[in-house]
Amino acid sequence: GWLKHIEKYSDMITKKLNLDKNSQVVEIGSNDGYLLQFFAQREIPVLGVEPASNVAEEAIKKGIPTIVNFFDKETLQQLLSQNKRADLIVGNNILAQIPDINGFIENLADLLKPTGLITLEFHHLMKLIDNNQFDTISHERFSYLTLAVLEKIFLSRGLTVFDVEEITTHGGSLRIYACHAEDKSKPITSNVTCLREKESKDGLDKPEKYFLFSEKVKDTKRDILAYLIELKNSKKSIIGYGAHAEANTLLNYCGVRSDFLDYTADRNPYKHGKLLGGTRIPILNPDKIKETKPDYVFILPWSIKGELMNQLAYIGEWGGKFIVPIPELTVYNSSGKLIDDKDINQRGC
């Protein structure tokens, strides 16, 4: 699903900017080259910046030039000395993980050509709160962002956010488009004004919004525990699916350990044989699911629940069901149809 999203983006932005062999695309946090490969296929010059050496090596194997480092002042100077100023700078799902967000955006401005374009995608704080996505709050994220806040930071570094799109990835994200403030070829669109007003009406600039969110999170924790206790008392077997960062936040906060989940399955072979942090729930190959035939699969990456339910539809062979915890506890049959569970409805879920 993510690769389809990225391929669609690359098609759109290539046409929008008329990118060709004389252009330069730079991605910050380029991972294994998953995005830059689509530009390289069009013979558009690309360069990735990726601090994780293991995944950067995968990109280099694909023929994607990659600097293995953080995007700091030293890396910026290296790029400028190589005449790598960018027509397009891309950064997906990295803003929240950057401790010095002001310095980072300043570096973007220095790398961008006078008429160049920056696009950044990040999880939208409004969606996080309104859809109860508390599990996305973790130690590796320093910021939870709104358009209104980013506009101010960008402007302080000589950049203008001139357009924005609301996209569905990661439970609800924003894609912002930015340029140099003096670049008048890119007027500010009504999308920016409308979303800024929407955020204000949503109360994101008032403390009450956050206090109410806190109480909703507590209610969700109680609902999850009550349902899991009910299932275990009925001798039902439950496993988790997805060993990502959000799983650790949710399971540790709710106190869900191996007394509730027998194990967690994940397709990433590097995680097999390891344990989830804190809860110490074993991480196994998904092949184990057909062997153990659990009554319930607790889907932890709720933002791609549809994709995962399709992959795991075979649990219907033994009557297996899915539990999805966010935005509120819901139960689905193996075909992905919501089950009207009387007990759950009584608890307000």
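Given the structure is predicted, the values throughout are model-derived calculations rather than measurements.
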Anything under 3.5 Å between a donor and an acceptor, one on a side chain of residues 59-68, the other on a protein residue two or more places apart or in another chain? List them.
{"residue": "Lys61", "atom": "NZ", "partner": "Glu58", "partner atom": "OE2", "Å": "3.4"}
{"residue": "Lys62", "atom": "NZ", "partner": "Asp32", "partner atom": "O", "Å": "2.9"}
{"residue": "Thr66", "atom": "OG1", "partner": "Ile64", "partner atom": "O", "Å": "2.9"}

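- Counted within 6.0 Å of NZ on Lys8, heavy atoms from surrounding residues, nucleotides or ligands total 12 or fewer; the atom is thus considered open.
- In this model, no donor atom of one side chain and acceptor atom of the other lie less than 3.5 Å apart for Thr115 and Asp183.
- A cation-pi geometry, defined here as NZ or CZ lying under 6.0 Å from the six-membered ring centre and within 45° of its normal, holds between Lys16 and Tyr177.
- For the residue pair Asp72 / Thr75, a side-chain donor-acceptor distance below 3.5 Å is found, with atom types taken as modelled.
- A salt bridge links Glu246 with Arg141; the closest basic N to acidic carboxylate O contact falls under 4.0 Å.
- The list of salt bridge (Lys or Arg N to Asp or Glu O under 4.0 Å) pairs with a residue in residues 92-119, not counting sequence neighbours, reads Lys73-Glu106, Lys73-Asp110, Asp87-Lys113, Glu106-Arg157.
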Got a list of side-chain donor-acceptor pairs under 3.5 Å for residues 279-291, not counting sequence neighbours?
{"residue": "Asn285", "atom": "OD1", "partner": "Asp287", "partner atom": "N", "Å": "2.9"}
{"residue": "Lys288", "atom": "NZ", "partner": "Glu291", "partner atom": "OE2", "Å": "3.1"}

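- Figure legend: cation-pi geometry between Lys321 and Tyr332 absent, as NZ or CZ is not positioned both under 6.0 Å from the six-membered ring centre and within 45° of its axis.
- For the residue pair Asp295 and Trp318, no side-chain donor N or O sits within less than 3.5 Å of a side-chain acceptor on the partner.
- The pair Lys127-Asp202 does not count as a salt bridge, with every side-chain nitrogen at least 4.0 angstrom from each carboxylate oxygen.
- Taking the six-membered ring for Trp, Tyr253 and Phe134 have ring centres closer than 6.0 Å.
- Side-chain polar atoms of His170 and Glu121 form no donor-acceptor pair below 3.5 angstrom.
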